[in-house]
Amino acid sequence: MDTNKALQTIDTATGKAAPAEISTERVYDIFSQIARKYERFNAVSSFGAYRRWLDGMMRQAPIKPSDDVLDIAGGTGDVSRWVARFHRPRHIQCTDLVPEMLEVARMHEARGDFCGVPIDFDVVDAQNIPYADESYDIITMAYGIRNMPDRARALSEMYRVLKPGGSLVCLEFSTPPNPVWRALYSFYLKHLIPFWGGLITGDKAGFVYLAKSIRAFPDQRGLAALMEQAGFHDVTWKNYTGGIAAVHVAHK
Ligand SMILES: C[S@@+](CC[C@H](N)C(=O)[O-])C[C@H]1O[C@@H](n2cnc3c(N)ncnc32)[C@H](O)[C@@H]1O
């Protein structure tokens, strides 16, 4: 009998039912090791496209100057920096599971990289958010949900801490609808991402995981359905670079 059948947690590398610890421990190992090289890898591996995707995310994010923003899986603070520069909200709460990633974000703060927008940092597992119900206007999350073994719980937690009328803005790798582009991208994921990642960070295994997790992740429609199951409504998405990445916007 498959003892994991009753679990709603998955192994994020395969999408198959598995105890949460498998994915949580792996993600912790990877991101605590590569924290200081993470931004360099992002820039090189996507040939700079990640900047266009972040720009698209900012254009879709309905953030007002009076808003309190919660950045989930905020890592080294990249999304929080773009939010600060683009929207100048009242306050940003930048959170992540891995303290080493947030240490890099704090270095950016010391350098004045958040344009004077008030920001706080907190170690937070998105599947168990330690904040009060209805306390944020906007949640941002880039490349976070794919790494979480209990996605339903994480999205429910985000729904809970959002104020009514608030929005979740989520940037994630996705599935190119065009079969030729999809095949090329699949080749890139399987062969080139581990090569680049190994070269830049020295952690080839971490990038084998990255490629696998992208391939096992639901497509645009599948992610929208997960958001709707958590209670969100009017979920829309926009593809970038032919669907390699997508920005979903979901409302409470
Ligand atoms: C690919 S990085 C993205 C970081 C940042 N959002 C960016 O765009 O550069 C993925 C991040 O998700 C974080 N993460 C993974 N699982 C998490 C969880 N359960 N709760 C919060 N953060 C998590 C990792 O620690 C890592 O910093």
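Atoms within each ligand, like the ligands themselves, are counted from 1 in listed order.
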Nearest protein heavy atom to atom 6 (N) of ligand 1, by residue and atom, and its distance? A73 O, 2.8 Å
So, T12 versus Y209: side-chain donor-acceptor pair below 3.5 Å or not? yes
Which residue owns the protein heavy atom closest to atom 20 (N) of ligand 1, what's the atom, and how far is it? A126 N, 2.9 Å
Check: Q8/D150 side-chain N/O donor and acceptor closer than 3.5 Å: yes
Going by atom types only, do Y131 and D122 share a side-chain donor-acceptor pair under 3.5 Å? yes
Can you name the nearest heavy-atom pair linking V117 to P89, along with the distance? CG1-O, 3.4 Å
Which residue supplies the protein heavy atom nearest to atom 22 (N) of ligand 1, what is that atom called, and how far is it? L97 N, 3.3 Å
One finds that the ligand 1 atoms under 4.0 Å from a non-hydrogen atom of V124 are 20 (N), 21 (C)
Give me the nearest non-hydrogen protein atom to atom 24 (C) of ligand 1 as residue plus atom name, then the distance to 0.1 Å. D96 OD1, 3.5 Å
Give the minimum heavy-atom separation between G15 and I10, together with the two atoms involved. O-CG2, 3.6 Å
Which atom names give the shortest non-hydrogen contact between V123 and L102, and what distance separates them? N-CD1, 3.8 Å
Show which atoms of ligand 1 fall inside a sub-4.0 Å distance from at least one heavy-atom site of V27. 15 (C), 16 (N)
How does Y143 reach ligand 1, if at all, at less than 4.0 Å between non-hydrogen atoms: by side chain, backbone, both, or neither? both
Near Q127, which atoms of ligand 1 are under 4.0 Å from a heavy atom of that residue? 19 (N)
Using 30° and 60° as the class limits, which term best fits the ring planes of H233 and H251: parallel, tilted or perpendicular? tilted
For D125, the ligand 1 atoms whose distance to one of its heavy atoms is below 4.0 Å: 18 (C), 19 (N), 20 (N)
Less than 3.5 Å between some nitrogen or oxygen of F31 and one of ligand 1, yes or no? no
Does a donor on one side chain sit under 3.5 Å from an acceptor on the other, for D71 and T140? yes
Heavy-atom contacts with A142 under 4.0 Å: which atoms of ligand 1 show up? List them by number with element. 3 (C), 5 (C), 6 (N), 8 (O)
Which ligand 1 atoms, with their elements, are less than 4.0 angstrom from a heavy-atom of M101? 27 (O)
Region of Y38 that comes within reach of ligand 1 [heavy atoms, distance under 4.0 Å]: side chain
Looking only at heavy atoms, the pair that brings A105 and G77 closest together is CB-N, 3.8 Å
